[in-house]
Number of protein chains: 2
Amino acid sequence: MAASRRPISKDEPNRRAEILRAASRLFAEKGYAATTIRDIAKAVDMQSGSPFYHFKSKHDMLLAVVLEGIETISRAVSEAAAGGGTPRQVFEAMLLAHLEQLLADDGRHFAATLLHESKHLDAEAHAALVERKDRYEGLWQKALANLKRAGDIGDDSHVARLFLLGGLNWTVQWYRPDGVCSVPVIARQISSLLLKKAH
Amino acid sequence: MAASRRPISKDEPNRRAEILRAASRLFAEKGYAATTIRDIAKAVDMQSGSPFYHFKSKHDMLLAVVLEGIETISRAVSEAAAGGGTPRQVFEAMLLAHLEQLLADDGRHFAATLLHESKHLDAEAHAALVERKDRYEGLWQKALANLKRAGDIGDDSHVARLFLLGGLNWTVQWYRPDGVCSVPVIARQISSLLLKKAH
DNA sequence: CCTACCGATCGGTAGG
DNA sequence: CCTACCGATCGGTAGG
C-alpha cells in the first residue's frame, strides 16, 4: 500500500546511481549528444531540472559513467590476472572477465559509453581517462609477453594487443544476449583462434 | 588574379562532393548529433542555409556519407578478392584493401562515420545499410571458409569472422598516419597472428 | 546559393 | 527535488 510510485525511503542513497544507470543506457543507445537531460530525468521519473541536484552538468554525468566503466573492467580483469596458473590459463581468464563486463546486463551500457562516447569529454577528463586506459592495457601487454615466452602465441607486438582488444571491444556491436553464442563460448573461440594448439 | 575565394567555375559539379567530404570529417570527429549544419557550411565556405540546396536534410547527408563509405570499401575488397591466388594470398590482399580504405587519408572519415554514426539513420536507411553490410561480410565468410579448407586457419565460425572484422575496424581508433607502423606492416602482423605458419 | 527568419528544443538556474 | 523560466542554439524554410 504505502507509497505509490517511489517505494524507497526519503533519503535514498542510490538515487545518484539510478541516474547514472539510466544515463549510461541512453548514452550507449542514442549517443551522448543526442541524449537530453530531459530523457534522463524521465527515465528515473524526475522533473527536467532535478538531475542537476545530483550532478553539476551533463558532462559530469558522462565522466562518472565513463570512469565507472573503466574501473569495473579493470577490477574484474585484474582479479582474473591475479588468479594464477599457466600463461594460457591466465590469458583465458582475462578474456572471459573482459567479455563478461562488456556484455553482461548490468555493466554493458557503461562499457559501451566508455568505448564510444569518450570523445565528448573535455581535455582534463580525457587525460584522466587515458591514464587509466594505459594502466589497463598494461595488464594485457604483460599477459601477451608471458604467452610469447611460453610459446603459446607467435606475436606479442603492440599491433597484436590492439587488434586483440579491438576484436573484443567490437563484440559490443554484435553480441545479443538471446543469441546462440554464450559469453564463455565466444571467449573460448577467440582464444583458440589466437593461441597455438596445446601440444 | 581573377576570383578571390572561389577559384572554381560557376557550375561546379563537385560542390556536393565537397560538402560530403567536410560532413564526413565532422561526423567522424565530433559525432553526427554534435555536428551542426552551420559547422558544415562554414567548412565549405557557405552560409548556414545553403547546404540545403544540395541535400534536403542533415539526415540525408549522413546517409550519403555512410553509403559512400560502405560502397568504397566493398569495391576495394571485392577487387582484391577477385585478384586470385591461394586462399592465403587472397585473404592477405583483402586484409590490406580493407585497412587501406579504413586508414587512408581520403576515405577514413567516411569509414569512421559508417562504423560509428549509423545508429542515427532512420529505420528505412538503416535497413538498406544492413543489406549492403551483409553482402560485404559474405566476402569475408567465403575467404575464411577457403582458408579453413586449405588448413591455414583453425576456425572459420561466425565468431571468428566478427572478431576479425572487429579488430580491423578498431584500428581506426588507434592508427596514426605519422606513427611507427605503416598500413602494410599492420596488415602483415595481423595476418601472421591469425594464420598458421606456412609449412 | 544568400538573407532573414521561425518554431522547437536544449542545458542550466533561481528560488523555494 | 519541483516550478518556472532564460538565453542560446539548432534544423529547416520562404523568397529572392
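Each chain gets a letter, A, B and so on, in the order its sequence line appears, and its residues count up from 1.
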* Going by distance alone, is a donor N or O of one side chain under 3.5 Å from an acceptor N or O of the other, for B/Glu18 and B/His54? -> no
* Residue closer to the 5' end of DNA chain D, A/Met46 versus A/Arg38 (nearest nucleotide) -> A/Met46
* Between atom NZ in A/Lys58 and atom P in C/dT9, what is the gap in whole Å? -> 15 Å
* To do: Let me know the distance between CG of A/Asp60 and P of C/dG11, rounded to the nearest Å.
  => 14 Å
* Structure fact -> Rounded to whole Å, CD1 of B/Ile19 lies from P of D/dG11 at a distance of 15 Å
* Asked: Distance only, no hydrogens: is a donor on one side chain within 3.5 Å (strictly under) of an acceptor on the other, for A/His116 and A/Gln173?
  -> yes
* Asked: Hey, does B/Thr36 reach any base, or is it just sugar-phosphate, or nothing, if we go heavy atoms under 4.0 Å?
  -> sugar-phosphate
* Are A/Leu102 and A/Trp174 joined in one hydrophobic group, where the rule is that I, L, V, M, F, W and Y side chains link up if heavy atoms are under 4.5 Å apart? -> yes
* To do: Please tell me which of A/Asp39 and A/Lys56 maps to the more 5' nucleotide of DNA chain C, matching each residue to the nucleotide holding its nearest heavy atom.
  => A/Asp39
* Applying a 3.5 Å limit to both distances, which nucleotide forms a Watson-Crick or G-U wobble pair with C/dG16? -> D/dC1
* Nearest-Å distance for atom pair CD/P, residues B/Gln47 and D/dC10 -> 15 Å
* To do: Provide, to the nearest angstrom, the distance between the CD1 atom belonging to B/Ile37 and the P atom belonging to C/dA4.
  => 21 Å
* **Side-chain donor-acceptor pair present, B/Ser191, B/Glu92, cut-off under 3.5 Å** => yes
* **Test of ring centre spacing under 6.0 Å for B/Phe163 and A/Phe163** => yes
* Structure fact -> To the nearest angstrom, the CD1-C1' distance between A/Ile40 and D/dC1 comes to 16 Å
* In the strands shown, is C/dC6 matched to any nucleotide by a Watson-Crick or G-U wobble pair with both distances under 3.5 Å, and which? -> D/dG11
* Provide, to the nearest angstrom, the distance between the NZ atom belonging to B/Lys42 and the C1' atom belonging to D/dC10. => 14 Å
* Asked: Taking the side chain of B/His54 as its heavy atoms from C-beta onward, which of C/dG11, C/dC1, D/dC1 lies nearest to it?
  -> C/dC1
* Asked: Side chain of B/Phe52: nearest nucleotide among D/dG12, C/dG12, D/dC1?
  -> D/dG12
* Asked: Atom CG of B/Asp45 to atom C1' of C/dC2: distance rounded to whole Å?
  -> 13 Å
